[in-house]
Protein chains: 2
Amino acid sequence: MNLKQLSQQLGLSQTTVSRALNNYPEVSEQTRERVKSAAIKFNYRPNARATGLATGRARAIGHVIPMNSTEVLNPIFAEFIAGASRTYSKHGYELLLTMAATGTEDSVYRQIASRQSVDGIIVHGPRIDDPRISLLQELRLPFVIHGRDTANTSEYAWIDINNRRAFFQATKLLTDLGHRDIALINGEETMTFASRRRIGYEDALQLANIPLNRQLLFEGDLTEENGYLAASALLGLTKYPTAFLVSSYMGALGVRRAIHSAGLNMGSDISVIIHDDELSYFHNSGDIPQFTATRSSVREAGTLAAEMLLAIIDNPSAPLPNRLLEANLIIGESTGPKKR
Amino acid sequence: MNLKQLSQQLGLSQTTVSRALNNYPEVSEQTRERVKSAAIKFNYRPNARATGLATGRARAIGHVIPMNSTEVLNPIFAEFIAGASRTYSKHGYELLLTMAATGTEDSVYRQIASRQSVDGIIVHGPRIDDPRISLLQELRLPFVIHGRDTANTSEYAWIDINNRRAFFQATKLLTDLGHRDIALINGEETMTFASRRRIGYEDALQLANIPLNRQLLFEGDLTEENGYLAASALLGLTKYPTAFLVSSYMGALGVRRAIHSAGLNMGSDISVIIHDDELSYFHNSGDIPQFTATRSSVREAGTLAAEMLLAIIDNPSAPLPNRLLEANLIIGESTGPKKR
DNA sequence: GCAACAATTTAAAGCGCTTTGGTTAATTAG
DNA sequence: CTAATTAACCAAAGCGCTTTAAATTGTTGC
C-alpha cells in the first residue's frame, strides 16, 4: 500500500495524509487520528526511497569497515556497530555497511558520497595522517571518526578513548609492582590508537627510568594467534619479560596460551594487563576479573558516536563535537608483584 | 552533479545519457564513449534513491542480526557478513544492517518489507519452528536463511553446513579413541544448528553403545566465559568427562582455560574437538592446528548465500536454491586416546 | 528521387513521497 | 450582514532517475 492508495481509502488528499502522519500542525486532531489508525490497519509505511528523494535525506548512516590485506575482520568493529545501531533505529535511521579494502578506500568513499545513499559516515580505524579525513571534508559529507588522527589539526568530529593515559597507567601499575621488562603486544602502529598506546607505555617507562627495549615490542593484528606467537617468542628470550601489556582481549588469549605452554603461571609468574573493550563474547567481568585491564565499552562508544553524527546532520552549522572517554583501570587476577 | 546537469554539459537528452551509462544498445558507440568519459570526468554517479524509485529496485540487501536478551553479539555473524559484502559490492548492491532484539523481530521484518529499502533479506540464526520463515513468505520478500529449520517443510532458500554429520564424525572420532564420557558444550538448542549438532552427537554415542548422560550437556551462548564455566563445572564432577565437544572456537578458549586451571593438559589428559568457522581473528591453522576441528568457512558461506539471494532476485520464478556444505574434520593437537 | 527501413535521439510520463501555493469552509470582527 | 481572519484541506510541482512512445536522422533499394 502506498500513500495514494491510503489517501483514496480515506477520501483525503495525499497532502493531508502525509501531513497527518508527519505530525504537521495544519491537520485536525480528528483526521490525524483517523489517518494514523488507517495507516496501522493497512500496515502502511512510507517508501524509504521516495521519502529520501523528496526530502533529499537518505535517513541512513554509512559505516565503512577497513579490511586490511590479510582479510582480518576485527570483532571490535562489530561491537561498536551494535552500539551505534541502537541509536539509529531509535531515530528512524538505517545503517549501511561497506567493507573497504586498503587501497580502494578513496573510490569507496567517493562512491558513497556521490550515490547519496547515506547522510553521514562513521569512519573506523583511523590511521596516522589518514587521507580519509580531508577526503570527507572535501566531499562535504558529515562524519565522525572512531578514534582520531592527532597528526591532523583540522576540525573534525571524533570520539576516542584516552589511549595514552590508559596505557600510561597500566604500565605504571606494572613498574610499581617492580616489573622492568615489560612487553607491549600492540596493534599495528599505523593505527592511531596503537601509536598512542605506545606513547603512554614509553612515558611510564621513562618515569620509572627504564630504557626502552625494542625487542619487547610487537605490533600487528591482535588475533589470538598473533598474541600467542609474539608471547611465545618473547618468553623464549633468555631475559624474558615478566609482564605483558596487550592491546586486546583476543590477543591476550593467545598470550595466556603462550604463558601456559611455557609452564608459567599468569598472575604469579607473569603479569598481564589488557585493554578490555567489553566485547559481549569476551567478558572480563566478575568481582576479580581474569585480566587486569584498562576498560572502556566500545559499544557505548558506538552509541555516542551515532548520537554525535545525528546531531551534526541535524545542525550542520554547529561546531563539530568531539569526546574523549577515559578507560577505567580494573585490577584482576593477572597481575602481581615481580618475583625475585 | 546529476543526470540533468550532465546531459546539459554534453548537449544530449537525459534519456540518451542514461542509456549510454546503462549500456543500452540504442546508443551509438561514439556517444557512449563520450558520455562515459564525461561521467568519470565530472565524477557523476546516479543518485541511488532516484534510481531505486524509478526501477522499483533498491539494489540493497538487508541482514537482520538477532540479538538475544543477553545482548550478546556473535562474531560469527560479522564474518559471514564480510563474506556476503564482497558479493554485494561486486554486483553493485549495498548492505543494510539491522539488529533485531528477540521479541521485536516481527515488526522489524514488517517494517523492512514495507519501507522497501531492500530487495531481499538474509536471515541469521534460525530457530526451531522459526516464525520468520512464514512471515517473509507472506511478505513476499526474497530471502535466504543461513542455516535452516528442519521443522519447516515449506520451500525456502537456505545454505547450511551438515551440522549433524560433522558432530557425528567428531563424536565418533572421540569414541574411537576410547572416550566414553564426552561433554557437549553447545549453543542454545532453540537454534537449529545446535539442535542438529546434538543429534549427530547422540547418534555417534548410540553407535558406540554409550548411554546419553545429560549431565554432560551444556547449552548457551558460546562465549569464552560460558565455555570456561561449563567446563570448570564438568571437570569438578567425580567422574569428569575425558573429552569435550565445543560448538565454537570462542567457547573452546574458555574450555581450554578451564582444563589448564584444573591442572590438566589438553590433548593428553582431555581431548577437545571444536567447530571451527575459520574466523579471521581466531585462526586454528598450521600443519597441526591447536584444536582438532570440524571446519567450514563461514565467510565463504556468506559469499554463497549472497550469490544465492541475488540469483533469486534476478529470477524470482526459478525454484528456490539451497546448499548443504560439508565440514572437514581436521586433526589437531587437542585430541588423543583416552588415558586409562 | 523517394519510399521503406534501421539507427539514433528526444520529450514526457511516472516511480511515491514532500512541500509550495493555493482554495474552501468555518469563525470572528466591525 | 459583509469583510477579514483562521482552520482545514487540496492540486500540482518537483526530487533524479528510467522507460515508453514518438521524432528525427541516416541508409538502403528500386
**Message:** Within residues 33-47 of chain A, which residues have any heavy atom lying less than 4.0 Å from an atom of DNA chain D?
**Reply:** none
**Item:** B:F143 vs B:I133 side-chain heavy atoms within contact, under 4.5 Å
**Value:** yes
**Asked** Nearest to the side chain of B:A50 - D:dT18, D:dG16, C:dT18?
**Response** D:dG16
**Request:** Rounded off to whole Å, could you give me the CG-to-P distance for the B:L53 and C:dG16 pair?
**Result:** 7 Å
**Message:** Does anything in residues 74-85 of chain A form a salt bridge (Lys or Arg N to Asp or Glu O under 4.0 Å)? List the pairs, not counting sequence neighbours.
**Reply:** A:E79-A:R299
**Item:** For atom CG of B:D119 and atom P of C:dC15, their distance in whole Å
**Value:** 18 Å
Side-chain donor-acceptor contacts of residues 306-323 of chain A below 3.5 Å, not counting sequence neighbours, with atom names and distances?
unit_1, atom_1, unit_2, atom_2, d
A:N315, OD1, A:S317, OG, 3.1

**Fill in**
note: B:Q5, atom CD; D:dG16, atom C1'; distance rounded to Å ~ 10 Å
**Partners passing salt bridge (charged side-chain N to carboxylate O under 4.0 Å, His left out) against A:D277 (at least two apart in sequence or in another chain)** = none
**Fill in**
Contacts of B:F80 meeting ring pair (Phe, Tyr, Trp, His ring centres under 6.0 Å) (sequence neighbours excluded), chain-then-number -> B:H124, B:H146
**Message:** What is the distance, to the nearest angstrom, from the CZ atom on B:R59 to the C1' atom on D:dT18?
**Reply:** 13 Å
**Request:** State, with a plain yes or no, whether a side-chain heavy atom of B:V123 is found less than 4.5 Å away from one of B:V64.
**Result:** no
**Request:** Hey, could you give me each pair passing ring-ring contact (aromatic ring centres under 6.0 Å, His included) that has a residue in residues 9-45 of chain B? Not counting sequence neighbours.
**Result:** none
**Value in whole Å for how far the P atom of D:dA7 lies from OH of A:Y24** = 18 Å
**Distance in angstrom units between A:R49 CZ and C:dT18 C1', rounded** = 17 Å
**Asked** In terms of side-chain heavy atoms of A:T51, which of D:dT18, C:dT18, D:dG16 is nearest?
**Response** C:dT18
**Item:** side-chain hydrogen bond (donor to acceptor under 3.5 Å, both in side chains) partners for A:E105, two or more places apart
**Value:** A:R127
**Prompt:** Does B:N22 make a side-chain N or O approach to OP1 or OP2 of D:dT18 shorter than 4.0 Å?
**Reply:** yes
**Prompt:** If you look only at pairs with a residue in residues 41-52 of chain A, which of them pass as a salt bridge (Lys or Arg N to Asp or Glu O under 4.0 Å), with sequence neighbours excluded?
**Reply:** none
**Request:** Rounded off to whole Å, could you give me the CD-to-C1' distance for the B:Q116 and C:dC17 pair?
**Result:** 12 Å
**Request:** Measure the distance from CG on A:L6 to P on C:dT18 and round it to the nearest whole Å.
**Result:** 11 Å
**Message:** With side chain to side chain donor-acceptor pair (under 3.5 Å) as the rule and sequence neighbours excluded, what pairs involving residues 80-90 of chain B come up?
**Reply:** B:H63-B:Y88
**Message:** So for the helix from C:dG1-D:dC30 to C:dG30-D:dC1, with five pairs setting each end axis, what is the inter-axis angle to 10°?
**Reply:** 60°
**Request:** Could you list all the salt bridge (Lys or Arg N to Asp or Glu O under 4.0 Å) pairs where at least one residue sits in residues 138-159 of chain A, not counting sequence neighbours?
**Result:** A:R110-A:E138, A:R148-A:D160
**Request:** Indicate for each nucleotide in nucleotides 7-14 of chain C, in 5' to 3' sequence, whether protein heavy atoms under 4.0 Å reach the base (B), only the sugar-phosphate (S), or nothing (-).
**Result:** -SBBBB-B
